[in-house]
Amino acid sequence: QVQLVESGGGLVQAGGSLRLSCVASRRTFSNLPIGWFRQAPGKEREFVAATTWSGGTTYYADSVKGRFTISRDIAKNTVYLQMNSLKPEDTAIYYCAASLRSGIPIVPYQYDSWGQGTQVTVSS
């Protein structure tokens with residue numbers, strides 16, 4: 001298991017930006033994925049974006065494509081989610097997750113380790 005700690009959430013106006021960080025206790029193999037999910041009140045947890053520690057592959061949900069960017073700093077065991085042009089519908093708790101499966105899974109049950117989440121609220 002990998003311990004994950006998120007930070008960077010907060011309250012922002014529509015059109016604004018936030019950068020989330022996820023510090024991992026250790027890196028998994030370079031081709032294994034680490035990513036972000038979010039869960040709004042009354043809704044299921046949904047995939048946002050993911051990458052591999054090697055950085056060779058990234059994948060985004062259609063709803064955030066072109067607005068969010070996932071990146072990683074191997075030296076700091078940290079994955080970032082840069083969120084620009086935020087919309088009220090982006091409001092949710094954002095979770096960092098690490099998987100032991102190859103490829104880029106996009107369903108929560110295929111991720112093995114989860115952070116505690118960080119709240120993002122976008123006001124209109």
Side-chain angles (χ1 to χ4, degrees):
Q1 287 265 335
V2 177
Q3 280 71 51
L4 304 168
V5 179
E6 304 99 330
S7 62
L11 173 64
V12 64
Q13 288 188 331
S17 299
L18 282 174
R19 188 177 79 157
L20 306 183
S21 300
C22 171
V23 180
S25 59
R26 63 178 179 86
R27 293 195 306 274
T28 57
F29 292 111
S30 62
N31 64 329
L32 295 184
I34 184 162
W36 293 91
F37 285 75
R38 66 186 181 187
Q39 188 165 18
K43 295 188 177 181
E44 294 185 352
R45 193 167 296 190
E46 65 173 1
F47 173 80
V48 175
T51 186
T52 56
W53 282 112
S54 67
T57 304
T58 58
Y59 191 73
Y60 296 92
D62 287 343
S63 58
V64 306
K65 203 172 293 183
R67 300 187 298 123
F68 290 11
T69 303
I70 189 169
S71 62
R72 81 282 180 272
D73 185 332
I74 293 176
K76 296 181 179 180
N77 283 2
T78 301
V79 176
Y80 303 99
L81 185 67
Q82 177 67 44
M83 306 186 295
N84 298 328
S85 303
L86 282 162
K87 305 175 182 180
E89 50 264 44
D90 294 318
T91 295
I93 299 174
Y94 283 70
Y95 297 91
C96 180
S99 175
L100 297 176
R101 294 163 176 80
S102 60
I104 301 288
I106 62 171
V107 291
Y109 76 84
Q110 292 183 320
Y111 283 78
D112 305 281
S113 301
W114 292 85
Q116 82 288 351
T118 185
Q119 177 71 48
V120 171
T121 303
V122 184
S123 62
S124 57

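All values below come from the heavy atoms of this structure, side chains included, with hydrogens, waters and symmetry mates left out. Please read all numbers here as calculations on a predicted model, not as lab measurements.
In terms of heavy atoms, A61 sits closest to F47 at CB-O, 3.4 Å. What you find for T52 and G56 is that their closest heavy atoms are OG1-N, 3.4 Å. For the pair P33 and G103, the tightest heavy-atom approach, listed with the atom from each and the gap, is CG-O, 3.3 Å. Shortest non-hydrogen contact noted between Q110 and S99 is O-OG, 2.8 Å.
Listed for the Q116 side chain is no donor-acceptor partner under 3.5 Å among the backbone atoms of V5.
The existence of a salt bridge linking K87 and D90 is excluded, since no basic side-chain nitrogen approaches an acidic carboxylate oxygen closer than 4.0 Å.
Applying the disulfide bond (SG atoms under 2.5 Å apart) rule to pairs touching residues 31-124 yields C22-C96, sequence neighbours excluded. The salt bridge (charged side-chain N to carboxylate O under 4.0 Å, His left out) contacts involving residues 114-124 comprise nothing, where partners must be two or more places apart or lie in separate chains. Screening residues 39-56 for salt bridge (charged side-chain N to carboxylate O under 4.0 Å, His left out), with sequence neighbours left out, gives R38-E46. The stretch residues 114-124 participates, sequence neighbours left out, in no salt bridge (charged side-chain N to carboxylate O under 4.0 Å, His left out) pair at all. Residue pairs meeting the salt bridge (charged side-chain N to carboxylate O under 4.0 Å, His left out) criterion with at least one member in residues 112-124, sequence neighbours excluded: R101-D112. Listed by first and then second residue, the ring-ring contact (aromatic ring centres under 6.0 Å, His included) pairs involving residues 79-108 amount to none (not counting sequence neighbours).
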Query raised in the report: Can you check side-chain contact (heavy atoms from CB on, under 4.5 Å) on L4 and I34, steps first, answer last?
Result: CA-CA 10 Å; L4 304 168; I34 184 162; 4.1 Å; yes
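Partners of T121 by side-chain hydrogen bond (donor to acceptor under 3.5 Å, both in side chains), not counting sequence neighbours, listed by chain and number: Q119. For S85, the side chain to side chain contact (heavy atoms under 4.5 Å, CB included) test picks out R67, with sequence neighbours left out. For Y111, the ring pair (Phe, Tyr, Trp, His ring centres under 6.0 Å) test picks out F37, with sequence neighbours left out. The side chain to side chain contact (heavy atoms under 4.5 Å, CB included) check on I70 picks up W36, A49, T51, T58, Y60, V79, L81, with sequence neighbours excluded. Listed by chain and residue number, nothing satisfies the side-chain hydrogen bond (donor to acceptor under 3.5 Å, both in side chains) test with T91 (two or more places apart in sequence, or in another chain).
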Just list the side-chain donor-acceptor pairs under 3.5 Å for residues 11-21, sequence neighbours left out, or say none.
unit_1, atom_1, unit_2, atom_2, d
S17, OG, N84, OD1, 2.9

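In this structure, V48 is not a member of the same hydrophobic cluster as I106, with clusters built from ILVMFWY side-chain heavy atoms closer than 4.5 Å.
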